[in-house]
Amino acid sequence: MAETYKNARLAITNSEQTIYTNGSGGAGIIVSLIITNIDGASDDTVTVKVRDSSASADTEIASTMTVPADSRLDVVGDSTKVFLENGDSIKITGGAASGDLIALASILEIT
């Protein structure tokens, strides 16, 4: 088994965007997913979904959660991990179009 560590970054807007799709042919493990609000004055909200490609279904793991100004939200981290099969993905939508929310995902791919 080969292990590859990756990072994925996304400037979040109010349009749904994919931050990562597992195309490794094996498992993709989201080790951490951090959403940071770089705006010094305004709160924003974020929704994060896992797309199960084999079931053609989305599951929200964070729904319109508030990210305060100059703060961060740990969606996946110490006590939770998200396992993705080949073709599964993580999608993110912000409340504002500004791009003041930044997402950083740390991923372990096992093939």
Side-chain angles (χ1 to χ4, degrees):
M1 287 188 170
E3 296 180 352
T4 305
Y5 294 91
K6 295 185 173 186
N7 288 319
R9 180 191 184 280
L10 179 68
I12 301 168
T13 66
N14 61 356
S15 296
E16 185 175 85
Q17 302 171 81
T18 300
I19 187 171
Y20 172 76
T21 300
N22 180 25
S24 70
I29 302 168
I30 307 300
V31 177
S32 69
L33 176 58
I34 300 166
I35 311 294
T36 304
N37 187 340
I38 60 172
D39 186 306
S42 299
D43 295 353
D44 201 347
T45 60
V46 67
T47 297
V48 179
K49 297 178 184 177
V50 175
R51 176 68 176 178
D52 182 343
S53 64
S54 63
S56 298
D58 293 338
T59 301
E60 291 184 358
I61 59 172
S63 182
T64 59
M65 295 190 70
T66 299
V67 185
D70 284 339
S71 188
R72 76 181 212 184
L73 173 66
D74 294 338
V75 178
V76 177
D78 292 337
S79 62
T80 60
K81 305 292 180 268
V82 175
F83 296 86
L84 302 175
E85 297 172 332
N86 195 49
D88 292 355
S89 59
I90 300 287
K91 302 187 293 184
I92 303 175
T93 309
S98 64
D100 286 339
L101 294 180
I102 305 295
L104 178 65
S106 295
I107 304 135
L108 171 60
E109 292 181 343
I110 301 174
T111 56

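Listed by first and then second residue, the salt bridge (charged side-chain N to carboxylate O under 4.0 Å, His left out) pairs that reach into residues 22-32 come to none, sequence neighbours excluded. Sorted by first and then second residue, the salt bridge (charged side-chain N to carboxylate O under 4.0 Å, His left out) pairs involving residues 22-40 (not counting sequence neighbours) form an empty list.
Using a 4.5 Å cut-off between side-chain heavy atoms of Ile, Leu, Val, Met, Phe, Trp and Tyr, I102 falls into a hydrophobic cluster with I38.
Counting all heavy atoms, side chain and backbone alike, K91 lies closest to T18 at CG-OG1, 3.7 Å. In terms of heavy-atom proximity, T13 sits nearest to A97 at CG2-O, 3.9 Å. The shortest heavy-atom contact between D43 and P68 is OD1-CA, 3.2 Å. A103 and I19 make their closest contact through CB-CD1, 3.7 Å (heavy atoms, listed as atom of the first residue, atom of the second, distance). The two residues T111 and S24 come nearest to each other via the heavy atoms CG2-O, 3.1 Å. In terms of heavy-atom proximity, A105 sits nearest to L33 at CB-CD1, 3.9 Å.
Going from atom CG of D74 over to atom OG of S79 covers 9.5 Å, rounded to the nearest 0.5 Å. Taking OG of S89 as the reference point, atom CD1 of I30 lies at 9.5 Å (rounded to 0.5 Å). With rounding to the nearest 0.5 Å, the separation of CG in N22 from CD1 in I29 is 9.5 Å.
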Distance-only donor-acceptor pairs under 3.5 Å for side chains of residues 4-12, two or more places apart:
| from | atom 1 | to | atom 2 | distance (Å) |
| --- | --- | --- | --- | --- |
| K6 | NZ | E109 | OE1 | 3.3 |
| N7 | OD1 | S106 | OG | 3.1 |

Sequence neighbours left out, cut at 3.5 Å: what donor-acceptor pairs do the side chains of residues 59-67 make with other protein atoms?
| from | atom 1 | to | atom 2 | distance (Å) |
| --- | --- | --- | --- | --- |
| E60 | OE1 | S63 | OG | 2.9 |

Practice problem: Tell me, with the steps shown, if L84 and I90 meet side chain to side chain contact (heavy atoms under 4.5 Å, CB included). | Solution: CA-CA 9 Å; L84 302 175; I90 300 287; 4.0 Å; yes
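With salt bridges taken as basic N to acidic carboxylate O contacts below 4.0 Å, one links D58 and R51.
Proximity of V76 to V31: side-chain heavy atoms (C-beta onward) are nowhere separated by under 4.5 Å. Counting heavy atoms from C-beta outward, L101 and I92 have side chains that stay 4.5 Å or more apart. Two residues are said to be in side-chain contact when any heavy atoms from C-beta on lie closer than 4.5 Å; D44 and I35 fail this criterion. Inter-residue side-chain proximity for I34 and V75 is flagged as unmet; no heavy-atom pair is nearer than 4.5 Å. Contact annotation: the side chain of T36 never approaches that of L104 to less than 4.5 Å [non-hydrogen atoms, C-beta and beyond].
Residue I107 is not grouped with residue I110 when hydrophobic side chains (ILVMFWY) are merged at heavy-atom distances under 4.5 angstrom, including chains of intermediate members.
Every residue two or more places apart in sequence or in another chain that forms a side chain to side chain contact (heavy atoms under 4.5 Å, CB included) with S54 is listed here: D52, E85.
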